[in-house]
Amino acid sequence: MDRINVCIIGSGNWATTIARNVGRNVANSQHMEPIVYMYVYEEIVDGRKLTEIINTTHINVKYMPDFVLPTNIVAVDDVVKTARDADILIFAIPPTFVNSCCKTLLGKVKPTAHAVSLIKGFERGDDGQIVLISQIIMRQLKIPCSVLVGCNLAHEIANDNFVEGTIGCRDQKYFRLLQEIFKSPTFRVVVTDDADCVEICSTLRNIIAFGAGCADGMELNENTKAGIIRRGFLETLQFVDVFYPGCRMATFFEACGISDLVTSCYANRNRKLAEAFVKTGQPLSELEHILIAGHEPLGPVTAELVHIMLDKKGLADKFPLFTVIYKICVGDQPLTRLVETLRFAREDIFHPTHTFQL
């Protein structure tokens, strides 16, 4: 039986962090190729090519200078060479690069390959709605795509702190393999076939994290912040029920759901962006230095797209927290409306066919 070949497309913080787990796991596997190619966007660092530095020192000095990669991780500056022989393609690039990357790879990957998206973000559809990254990869490359999501801050995984993650995989024959590729003694990975729910939870938590950051900027107490998290979690359940029917309640209680939400509301860039937005009074466009260069502020952008989706269905009033965060972002509501929304929000769950009490 042929060995399974794994590659990583991307070399930022998250890609480099997960490469440490992947490199160790394939090296210890009897049915996987020991070499893992990692696509690196070539840069010159201190007069040397980044790929050369990684391949000689086994350190990604640009993004994770304090951590050593396994020697079987090989940096490559050509994305086609990286991916052409891979059976498992792990995508860990900024969402804005997904379309162009897939266009480059179209017809140049194995038709039997399986993708895994580690990408935090989404694309805007032509109709103004959210398009999940896994859907883009599947549509463009004509291969299945799973997702890995969780309360997984890169530096905490790299430091071997205990963290959890959820893999959403639509094909059960890949469950054990994907878990084997990513897990470590300190990284607990659970696999579910509820893939859309796994990914949309990761998207919606950006809105709630922004709301939590507003609370921090206003110096509200922890009980108020907890109220934002609780209400945001409730509206996430409602949103998925309306737009992604068939998802399972249990998925929200995996790492991709409640754990990722809590982590994001305390340690997410969207939370930090919102806090600065409140304290400085500067427009969001002037605070983008808080984010990674080239990344959109996902909290405000997600709030806008969600509002478009809700407004088309006439449901904005059924999602008062999501709605007020959007209106705060665009300047249509004052910050004080955040707490007012928590005080007066109804305590029932909207369902597209009926409403039932909690």
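When all heavy atoms are compared, the tightest approach of C145 to H114 is C-NE2, 4.4 Å. T166 approaches T192 most closely through the heavy-atom pair CG2-CG2, 3.8 Å. Pairing each heavy atom of Y63 with each of S11, the nearest pair is CD1-O, 3.2 Å. What you find for E199 and S134 is that their closest heavy atoms are OE1-OG, 2.5 Å. Taking every heavy atom of both residues into account, L284 and P300 meet most closely at CD1-CG, 3.6 Å. K183 and N25 get closest at one heavy-atom pair: O-ND2, 2.7 Å.
For the atom pair OG (S117) and CD (Q135), the distance works out to 11.0 Å, reported to the nearest 0.5 Å. To the nearest 0.5 angstrom, E42 atom CD is 8.5 Å from E52 atom CD. Taken to the nearest 0.5 Å, the OG1 atom of T186 stands 11.0 Å off from the CD atom of E156. Atoms CD1 and CD1, on I207 and I228 in that order, are 13.0 Å from each other to the nearest 0.5 Å. Rounded to the nearest 0.5 Å, atoms CD1 (I35) and CG (N5) are 9.5 Å apart. Note that the CZ atom of R230 and the CG atom of L234 stand 6.0 Å from one another [nearest 0.5 Å].
A salt bridge is defined here as a Lys NZ or Arg NE, NH1 or NH2 lying under 4.0 Å from an Asp or Glu carboxylate O, and D85 with K110 fails to meet this definition. Ionic pairing of R176 and E180 is not present here: no N-O contact between side-chain nitrogen and carboxylate oxygen is shorter than 4.0 angstrom. Ionic pairing of K312 and D127 is not present here: no N-O contact between side-chain nitrogen and carboxylate oxygen is shorter than 4.0 angstrom. One finds a salt bridge joining E304 and R124 here, because a Lys/Arg side-chain nitrogen approaches an Asp/Glu carboxylate oxygen to under 4.0 Å. Between R248 and D193, at least one side-chain nitrogen of the basic residue sits less than 4.0 Å from a carboxylate oxygen of the acidic one, meeting the salt-bridge criterion.
Aromatic pair Y326/F322: ring centres not closer than 6.0 Å.
Using a 4.5 Å cut-off on side-chain heavy atoms (C-beta onward), V147 and V116 make no contact. With a 4.5 Å cut-off on side-chain heavy atoms, C7 and I9 count as touching. With a 4.5 Å cut-off on side-chain heavy atoms, V6 and M32 count as touching. Considering only heavy atoms from C-beta on, F91 stays 4.5 Å or farther from I133 through its side chain. Between R3 and H31, every side-chain heavy-atom pair lies at or beyond the 4.5 Å cut-off. Looking at L298 and F210, their side chains never come closer than 4.5 Å, going by heavy atoms from C-beta outward. In this structure, the side chains of L315 and V242 come closer than 4.5 Å at one or more pairs of heavy atoms. L237 has its side chain out of reach of D241: every pair of non-hydrogen atoms, C-beta onward, lies at least 4.5 Å apart.
At distances below 3.5 Å, not a single donor-acceptor pair connects side-chain atoms of Q179 with backbone N or O atoms of V191. Using modelled atom types, one side-chain atom of N72 and one backbone atom of P34 make a donor-acceptor pair closer than 3.5 Å. For N55 (side chain) and T51 (main-chain N/O), a donor-acceptor pair under 3.5 Å exists by modelled atom type. Checking side-chain atoms of K225 against main-chain N and O of C265 turns up a donor-acceptor pair under 3.5 Å. Formation of a donor-acceptor pair under 3.5 Å by the T251 side chain with backbone atoms of C247 is not found in this model. The backbone N or O of G299 sits less than 3.5 Å from a side-chain atom of N270, completing a donor-acceptor pair. Between the side chain of T323 and the backbone N or O of F319, at least one donor-acceptor pair lies under 3.5 Å. Remark: the backbone N or O of A92 is not paired with any side-chain donor or acceptor of W14 at under 3.5 angstrom. Between the N221 side chain and the N223 main chain, a donor and an acceptor come within less than 3.5 Å of each other. E164 contributes no side-chain N or O that, together with a main-chain N or O of S259, makes up a donor-acceptor pair within less than 3.5 Å.
Crowding of F97 atom CZ: a count of heavy atoms from other residues, nucleotides or ligands under 6.0 Å not exceeding 12. Open room surrounds OH on Y41; 12 or fewer heavy atoms of other groups in view lie less than 6.0 Å from it. A 6.0 Å sphere centred on CG of D317 holds more than 12 heavy atoms belonging to other residues, nucleotides or ligands. Counting heavy-atom neighbours within 6.0 Å of F277 CZ, excluding the residue itself, gives a total above 12.
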field: side chain to side chain contact (heavy atoms under 4.5 Å, CB included) evaluation trace for L338 with L321
entry: CA-CA 7 Å; L338 187 60; L321 183 69; 3.8 Å; yes
query: Given C201 and D260, is the side chain to side chain contact (heavy atoms under 4.5 Å, CB included) satisfied, shown in steps?
result: CA-CA 8 Å; C201 280; D260 193 24; over 6 Å; no
- request: Would you please test R139 and I136 for side chain to side chain contact (heavy atoms under 4.5 Å, CB included) and show each step?
  value: CA-CA 5 Å; R139 184 174 65 238; I136 296 171; 4.0 Å; yes
message: Using salt bridge (Lys or Arg N to Asp or Glu O under 4.0 Å), reason through R343 and E340 one step at a time and then give a plain yes or no.
response: CA-CA 5 Å; R343 288 177 61 203; E340 290 176 25; over 6 Å; no
query: Stepwise, does the salt bridge (Lys or Arg N to Asp or Glu O under 4.0 Å) test hold for R170 with D196?
result: CA-CA 9 Å; R170 297 171 179 86; D196 280 350; 2.7 Å; yes
task: Could you give me the CA-CA distance, side-chain angles and deciding distance for L261 and I208, then say whether side chain to side chain contact (heavy atoms under 4.5 Å, CB included) is met?
output: CA-CA 8 Å; L261 173 58; I208 307 161; 3.6 Å; yes
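Taking the six-membered ring for Trp and thresholds of 30 and 60 degrees, F252 and F233 have ring planes more than 60 degrees apart, a perpendicular arrangement.
Residues L287 and I325 share a single hydrophobic cluster, defined by chaining ILVMFWY side chains whose heavy atoms lie under 4.5 Å apart.
If you run side-chain contact (heavy atoms from CB on, under 4.5 Å) between L69 and each of I54, I59, T17, only I54 comes through. The side-chain contact (heavy atoms from CB on, under 4.5 Å) with V61 is formed by just one residue from the set I53, D66, D46; it is I53.
In this model, a donor atom of one side chain and an acceptor atom of the other lie less than 3.5 Å apart for T56 and R48.
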